Amino acid sequence: MNVILFGATGMVGQGVMRECLLDPEVHLLQTVGRTATGAQDPKLREVVHHDLWRYESLEAKLSGFEACFFCLGVTSSGMTEENYERVTYGITIAAAEMLSRLNPQMTFIYVSGSGTDSSARGRGMWARVKGKTENALLRLPFKAAYMFRPGIIQPLYGAKSKTPLYNVFYSLSKPLLPLLRFAFPDHVLTTEQIGHAMLAVAKRGFAKRILESKDIRAAAKT
């Protein structure tokens, strides 16, 4: 399986990249982003691309993939809805439209978030935009598309968020997260579990198109 990964420098992306590189069934992992991860592995290929709204110049490098794991995202804090939608919806759909044309047999997995509003009409700005993005992805002509909605995430193996405030939270809560995961296993996931689940769903599919935390946990076990 050849996999393309967006958002490899973010916390979830770092975890997903690790699991892809460890999986013997992944022959090629290609990252796409504004910066390279700097990781070294024989099956890793990194593509640095600065304009994430346009992919015409990358067509030759975006074909021949069976799966896309889209982990790229930003916090909505301090952003207007217009700017948040331009990044969250705009970048995602620009990439997905190109990939669906070049790879019609691709499975596309998008990391959304717990609380996403599928109606795209609710009060929460970020939830509306995420819902609009999910809906648009589910309409594209992929072999299959799945929306992952994790809640609390425990970073493992050195994975770090690009948002400083989140890193403060994870540093302070580090002793508590394993306890919370033990007490509420369907609500707290690790970056390792998310990576395992993505690979499992890409290989074998899943009964639901929208996976909440408990579904992601179940998929990670298959």
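Here the structure is a predicted model, which means the values were calculated and not measured.
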side-chain contact (heavy atoms from CB on, under 4.5 Å) between Ser76 and Met125, worked out: CA-CA 8 Å; Ser76 62; Met125 180 270 280; 4.0 Å; yes

Can you find a pair of side-chain heavy atoms, one from [X] and one from [Y], that are under 4.5 Å apart?
X	Y	value
Ile153	Thr190	no
Trp53	Ile91	yes
Glu212	Pro150	no
Gln154	Leu189	no
Met147	Thr116	no

To the nearest 0.5 Å, what is the distance between [atom1] on [X] and [atom2] on [Y]?
X	Y	atom1	atom2	value
Arg139	Ile93	CZ	CD1	8.0 Å
His196	Glu19	NE2	CD	4.0 Å
Glu46	Leu29	CD	CG	8.5 Å
Lys221	Ile216	NZ	CD1	13.5 Å
Leu72	Leu52	CG	CG	6.5 Å
Ile4	Ser63	CD1	OG	9.5 Å

Taking [Y]'s backbone N and O only, do any of them form a donor-acceptor pair with [X]'s side chain (distance below 3.5 Å, no angle check)?
X	Y	answer
Asp215	Lys208	no
Asp23	Glu25	yes
Thr92	Tyr89	no
His49	Arg54	yes
Arg34	His50	yes
Asp117	Gly131	no

So, for [X] and [Y], which heavy atoms are closest and what is the spacing to 0.1 Å?
X	Y	result
Leu137	Ala96	CD2-CB, 3.4 Å
Met1	Ala202	SD-CB, 4.1 Å
Cys20	Val3	SG-CG1, 4.4 Å
Thr9	Gln14	O-NE2, 2.9 Å
Leu5	Cys71	CD1-SG, 3.8 Å
Val32	Tyr55	CG1-CE2, 4.5 Å

Worked check of side-chain contact (heavy atoms from CB on, under 4.5 Å) between Arg45 and Leu28: CA-CA 7 Å; Arg45 181 169 71 194; Leu28 169 67; 3.6 Å; yes

With [X], which residues qualify under side chain to side chain contact (heavy atoms under 4.5 Å, CB included), at least two apart?
X	answer
Arg121	Ser119
Ala39	Met17, Thr37, Leu44
Arg18	Leu22, Tyr157, Glu192

Hey, any chance [X] and [Y] share a hydrophobic cluster, counting ILVMFWY side chains that come within less than 4.5 Å of each other, even indirectly?
X	Y	value
Met11	Phe70	no
Met198	Leu156	no
Val87	Tyr110	yes
Phe148	Ile210	no
Val26	Val201	yes

Audit row: Glu59, Lys61, salt bridge (charged side-chain N to carboxylate O under 4.0 Å, His left out) steps and yes/no: CA-CA 5 Å; Glu59 281 200 31; Lys61 296 180 180 179; over 6 Å; no

Audit row: Phe6, Leu99, side-chain contact (heavy atoms from CB on, under 4.5 Å) steps and yes/no: CA-CA 12 Å; Phe6 287 77; Leu99 290 170; 3.9 Å; yes

Would you mind checking if [Y] and [X] are paired as a salt bridge, meaning a charged N to carboxylate O distance below 4.0 Å?
X	Y	value
Lys130	Glu85	no
Lys132	Glu134	no
Glu66	Lys203	no

Glu56 atom CD: more than 12 heavy-atom contacts under 6.0 Å: yes

More than 12 heavy atoms of other groups within 6.0 Å of Arg209 CZ: yes

Test side-chain contact (heavy atoms from CB on, under 4.5 Å) applied to Phe69 and Leu199, step by step: CA-CA 9 Å; Phe69 300 153; Leu199 288 162; 4.0 Å; yes

